[in-house]
Amino acid sequence: MTEILCNAFRTVIATTPGNLLATVYLTANKIAPPHEGLELGIGEASLVKALAEAYGRKEEHVKKQNSELGDLGLVAKASRSTQRLMFQPKPLTIDKVFSAFLAIAKQLLESHSFDKYPFTIPNSKDVSFIVFKRPIMVMAFDLLWCKESGANSHDKKKNHIKGLLVAATECEPLYITRLLQSKMRIGLAEKTVLVALGQAAAYSETCPNPPLQTQSPLEEVGVPIGPMLAKPTKAVSEIIDKFQGMEFTCEYKYDGERAQIHYMEDGSVEIYSRNAEWNTGKYPDVVSSISREKFIPAICKPTNSSSAVLFKKDTAKSFVLDCEIVAYDHEKQKILPFQVLSTRARKGVILSGIKVTVCTFAFDILYINGQPLLQEQLKVRRQHLYSSFEEVPGVFQFATATITNDVEEIQKFLEAAVNSSCEGLIIKTLDKDATYEPSKRSNNWLKLKKDYMESIGDSLDLVPIAAFHGRGKRTGVYGSFLLACYDEQNEEYQTICNIGTGFSESQLEERSASLRNKVIPTPKPYYRYADTVNPDVWFEPAEVWEVKAADLSISPVHRAASGIVYPNKGISLRFPRLVHVRDDKSPEQATTSDQVADMYRAQKINHANNHEEEDDD
DNA sequence: TCAGAATGCTCC
DNA sequence: ATTCTGT
DNA sequence: ACAGAATGAGCATTCTGA
Ligand SMILES: Nc1ncnc2c1ncn2[C@@H]1O[C@H](COP(=O)(O)O)[C@@H](O)[C@H]1O
């Protein structure tokens with residue numbers, strides 16, 4: 001794979017180097033660096049519409065065939081091949097396709113940003129500079145490049161897609177459609193593209209500029225870098241095993257959102273998400289806790305203690321921090337669950353309008369004062385972190401950490417983490433294999449969560465009552481199932497979650513085959529579900545599956561234990577996955593709504609009792 | 001016009 | 001997110 | 001060992017029908 005692609009790139013470099021950028025983006029199925037915020041904004045529904053119109057088919061037929069073929073791309077191909085071509089369309093080129101994609105993406109920005117943000121030239125003392133920096137830059141871009149006007153952006157996008165589909169021949173409709181869905185399904189994606197590109201570039205020094213901002217260790221402050229990831233482990237013993245003979249540290253795993261905080265010498269700040277999305281506009285409070293004086297003197301409210309502090313020491317002139325931002329109740333000095341954080345507004349947040357306050361927990365540093373630290377061992381990086389920053393309780397803290405290789409102590413530390421509203425632990429080597437490996441390389445960090453451990457964590461026995469047709473490699477079997485628990489009082493099944501992971505392929509085939517015999521035309525009267533769940537098929541209650549989950553949550557859609565904990569809201573599961581099929585249980589012996597309610601209450605009590613953070617570094 | 005549904009997208 | 005699979 | 005492709009809950013935002 002890599003070799004083929006590498007040769008393709010070499011050919012492009014040798015023959016049409018001007019096309020290299022578009023070629024790389026198309027093969028990687030991207031349209032721009034992620035932090036630039038360009039997005040296609042195309043979903044299945046709009047694609048179905050465009051496809052139907054482009055090929056003169058009824059939307060309903062397209063939908064039906066999509067569900068049968070499990071791939072909208074195949075639908076496109078099939079539609080195209082049954083059309084009689086009146087004339088040969090002008091051939092599509094890489095450049096044309098990529099330009100069309102860019103045009104589609106810019107439509108979204110135009111319609112979303114244009115009338116929403118004040119279009120004034122910001123001055124750096126104005127808070128709107130921070131809040132609206134990105135949109136305004138993007139808008140300026142739009143003004144330069146987007147001269148179209150007329151129909152609304154939605155239609156324009158559709159027209160671009162139709163244009164591509166009409167011009168496409170042979171296998172092109174398939175891949176254009178898949179590209180637009182970001183589901184190439186060819187077993188080749190971004191990482192492989194980068195490797196192939198790297199190899200191709202090595203052959204030809206003549207290529208003028210590396211077209212993609214690759215994640216070189218010499219990264220620039222202000223440009224996001226791939227986050228280091230963690231690999232799941234099932235038991236403390238497994239950790240000891242893997243890190244045998246090495247010095248390692250355990251840190252709390254906070255349940256929030258990852259934030260890569262860049263601070264530049266000019267005092268500006270950028271915050272990026274785990275996927276390198278631009279999150280600066282979402283966290284003006286975090287920005288201000290670093291650089292308040294520089295940008296927003298007028299907004300500084302002495303009453304708001306959380307924004308009236310600085311956590312960096314004066315010696316820190318520029319840096320990149322790796323952190324977890326967590327919802328935090330400053331009055332009670334307590335960490336709040338992820339579900340609270342997720343209610344925060346995302347765009348154009350202004351300091352005075354913040355409803356969910358946060359605390360930032362730093363656990364790594366990638367760059368300081370002009371010096372990249374990626375190649376340094378964690379021990380060294382951590383030293384920089386601790387010496388260049390100061391904790392400000394409730395605003396900026398270091399991730400609680402300990403160093404031990406004693407099983408008992410790790411176990412205790414895990415308990416402490418969970419009691420402090422954390423998900424579990426992240427375990428990292430300090431000395432060996434302890435450089436920062438941006439997403440590209442292996443997972444040298446381990447994560448330990450209670451629900452990974454056998455016979456610990458929430459496990460439920462649930463009944464599949466409906467299913468959705470699988471797509472892609474699951475075409476022909478069910479791709480996911482709607483699960484329910486049993487309410488003994490009302491003798492009814494209440495939906496609790498969908499599930500689509502934890503199945504081996506053979507297991508999925510077996511379950512699909514078995515449940516196909518249980519399909520019923522309409523749901524049973526004793527099923528409780530939101531009418532927005534719209535499964536492809538319903539089943540009679542027949543099987544019981546053991547399912548594991550990280551947490552229980554209050555759900556806007558699912559109905560489990562509805563009326564027990566909250567009158568009108570049910571309970572759902574976070575990260576549900578199949579453990580195994582319970583041949584020994586009948587549907588009526590599934591986990592009951594009362595049990596679900598109890599589990600939820602137990603979890604809530606655990607949260608309510610949580611102790612506040614203390615740090616031992 | 002507005003509220004609910006659909007959509008797109010992010011995250012844990 | 002979790003999990004499984006092919007290379 | 002890794003990259004890729006299946007799939008989850010739930011949010012804010014946009015669209016659409018009454
Ligand atoms: N102390 C920590 N060190 C590293 N990652 C952490 C820490 N606390 C929380 N996290 C988060 O845990 C995520 C990795 O876990 P997961 O996403 O389950 O693989 C990271 O992306 C971080 O956002």
Side-chain angles (χ1 to χ4, degrees), chain A residues 1-2 29 34 37 39-49 70 108 111-112 116 152-154 181-195 229-232 253-259 273-277 279 282 324-327 337-349 356 423-424 437 439-444 447 449 451-452 468 470-475 477-483 496-508 530-532 534 547-558 571-579:
Chain A
M1 273 289 207
T2 312
N29 206 346
E39 248 130 40
L40 281 174
I42 296 294
E44 180 161 293
S46 32
L47 256 183
V48 166
K49 254 187 209 155
L108 187 75
S111 73
H112 285 194
K116 237 171 217 179
N152 67 49
S153 70
H154 212 233
Q181 285 190 299
S182 299
K183 284 178 184 184
M184 280 300 277
R185 306 204 252 231
I186 54 172
L188 178 158
E190 191 179 1
K191 302 270 172 72
T192 312
V193 171
L194 289 181
V195 170
L229 304 172
K231 171 175 270 203
K253 184 178 193 295
Y254 296 91
D255 192 8
E257 173 172 16
R258 193 152 187 178
S273 76
R274 176 199 179 90
N275 296 327
E277 296 292 324
N279 260 355
K282 181 176 175 183
E324 188 83 354
I325 294 179
V326 178
F338 174 76
Q339 220 177 1
V340 173
L341 181 68
S342 70
T343 63
R344 237 181 110 114
R346 288 163 195 183
K347 292 179 176 172
V349 175
V356 177
E423 293 183 277
E437 302 292 333
S439 54
K440 49 177 165 188
R441 277 225 197 144
S442 67
N443 306 302
N444 282 332
K447 52 182 168 178
K449 301 210 277 177
D451 59 278
Y452 296 159
F468 301 81
R471 335 174 104 203
K473 65 183 179 184
R474 294 203 179 162
T475 302
V477 293
Y478 297 123
S480 67
F481 302 83
L482 180 60
L483 297 182
I496 187 165
C497 67
N498 285 26
I499 193 166
T501 191
F503 307 89
S504 65
E505 276 174 11
S506 59
Q507 223 172 3
L508 195 59
D531 39 25
T532 49
N534 207 352
V547 167
K548 205 161 240 212
D551 266 319
L552 291 85
S553 58
I554 296 299
S555 170
V557 300
H558 292 291
I571 287 171
S572 185
L573 303 182
R574 187 186 186 192
F575 309 151
R577 63 267 192 187
L578 180 78
V579 179

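What you see is a predicted model, and the numbers here were worked out from it, not measured in a lab.
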*Asks:* What pairs with A:E423 under side chain to side chain donor-acceptor pair (under 3.5 Å), at least two apart in sequence or on another chain?
*Replies:*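 Once residues adjacent in sequence are excluded, the partners of A:E423 under the side chain to side chain donor-acceptor pair (under 3.5 Å) criterion are A:K253, A:K449.
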*Asks:* Taking any heavy-atom pair under 4.0 Å as a contact, classify A:K282: base, sugar-phosphate, or nothing.
*Replies:*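 Touches nothing.
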*Asks:* Extract from the structure each pairing of a protein N or O with an N or O of nucleotides 2-5 of chain B at less than 3.5 Å, listing the distance.
*Replies:*
none

*Asks:* Quick check, are the ring centers of A:Y478 and A:F503 under 6.0 angstrom apart?
*Replies:*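 No, the ring centres sit 6.0 Å or more apart.
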*Asks:* Please determine, for the side chain of A:E505, which listed nucleotide (C:dG6, B:dT10, B:dC12) has the closest atom?
*Replies:*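 It is C:dG6.
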*Asks:* Determine the Euclidean distance between corresponding C1' atoms of B:dA6 and C:dC4; express it in Å to zero decimal places.
*Replies:*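 Those two atoms are separated by 31 Å.
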*Asks:* Answer yes or no: does a side-chain N or O of A:Q339 lie under 4.0 Å from OP1 or OP2 of D:dG10?
*Replies:*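 So the side chain of A:Q339 is within the cut-off, an N or O lying under 4.0 Å from OP1 or OP2 of D:dG10.
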*Asks:* Assign each of A:L47 and A:F338 to its nearest nucleotide of DNA chain B by heavy atoms, then name whichever residue's nucleotide is nearer the 5' end.
*Replies:*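 Mapping each residue to its closest nucleotide by heavy atoms, the 5'-most match is A:L47.
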*Asks:* Side-chain donor-acceptor pairs under 3.5 Å in residues 548-556 of chain A, sequence neighbours left out?
*Replies:*
unit_1, atom_1, unit_2, atom_2, d
A:K548, NZ, A:D451, O, 3.4
A:K548, NZ, A:M453, O, 2.7
A:K548, NZ, A:I456, O, 2.9
A:D551, OD2, A:R574, NH1, 3.2
A:S555, OG, A:V557, N, 2.9
A:S555, OG, A:H558, N, 2.8

*Asks:* Just call it for A:I42: base, sugar-phosphate, or nothing, with non-hydrogen atoms closer than 4.0 Å on any strand.
*Replies:*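 If one applies the 4.0 Å heavy-atom cut-off, A:I42 turns out to touch the sugar-phosphate alone, with no base involved.
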*Asks:* Please work out if A:R185 contacts a base, only the sugar-phosphate, or nothing of the nucleic acid, heavy-atom cut-off 4.0 Å.
*Replies:*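 If one applies the 4.0 Å heavy-atom cut-off, A:R185 turns out to touch the sugar-phosphate alone, with no base involved.
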*Asks:* According to a strict under-4.0 Å criterion, is A:T192 in side-chain N/O contact with OP1 or OP2 of D:dG4?
*Replies:*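 Yes, such a contact exists.
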*Asks:* Pick the closest DNA chain D nucleotide for A:S555 and for A:G500 by heavy atoms, then say which residue is nearer the 5' end.
*Replies:*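 Result of the comparison: A:G500.
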*Asks:* Select base, sugar-phosphate, or nothing to describe what A:R574 touches, counting heavy atoms under 4.0 Å on all strands.
*Replies:*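 The residue A:R574 makes base contact.
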*Asks:* NA contact type, A:L508, heavy-atom cut-off 4.0 Å: base, sugar-phosphate, or nothing?
*Replies:*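 Nothing, no heavy atom under 4.0 Å.
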*Asks:* Both A:R474 and A:L573 contact DNA chain D. Which one's nearest nucleotide lies toward the 5' end?
*Replies:*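 Whichever sits nearer the 5' end wins; that is A:R474.
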*Asks:* May I ask you to say what A:K191 touches in the nucleic acid, namely base, sugar-phosphate or nothing, with a heavy-atom cut-off under 4.0 Å?
*Replies:*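 Sugar-phosphate contact only - A:K191 comes under 4.0 Å of backbone atoms but never of a base.
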*Asks:* Less than 4.0 angstrom between a side-chain N/O of A:R577 and OP1 or OP2 of C:dT3, yes or no?
*Replies:*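 Affirmative; the distance criterion is met.
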*Asks:* If you only use heavy atoms from C-beta on, which nucleotide in B:dT10, D:dT13, D:dA9 is closest to the side chain of A:S572?
*Replies:*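 My answer, after comparing the listed nucleotides, is D:dA9.
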*Asks:* Please state whether the base of C:dT2 and the side chain of A:T501 form at least one donor-acceptor pair under 3.5 Å?
*Replies:*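 Counting by modelled atom types and ignoring angles, a donor-acceptor contact under 3.5 Å is found here.
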*Asks:* Measuring from the side chain of A:H558 (C-beta onward, heavy atoms only), which nucleotide among D:dA9, B:dC12, D:dT7 has the closest atom?
*Replies:*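 It is D:dA9.
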*Asks:* As a test of reading the structure: which of B:dG8, C:dT2, D:dG10 is closest to the side chain of A:P556, going by heavy atoms?
*Replies:*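 For A:P556, the side-chain atoms sit closest to D:dG10.
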*Asks:* Which of these nucleotides, D:dT13, B:dC12, D:dT16, is closest to any side-chain atom of A:D255?
*Replies:*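 Nucleotide nearest to A:D255's side chain: B:dC12.
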*Asks:* OP1 or OP2 of C:dT2 versus the side-chain N and O atoms of A:Y452: is any pair under 4.0 Å?
*Replies:*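 For C:dT2, OP1/OP2 do have a side-chain N/O of A:Y452 under 4.0 Å.
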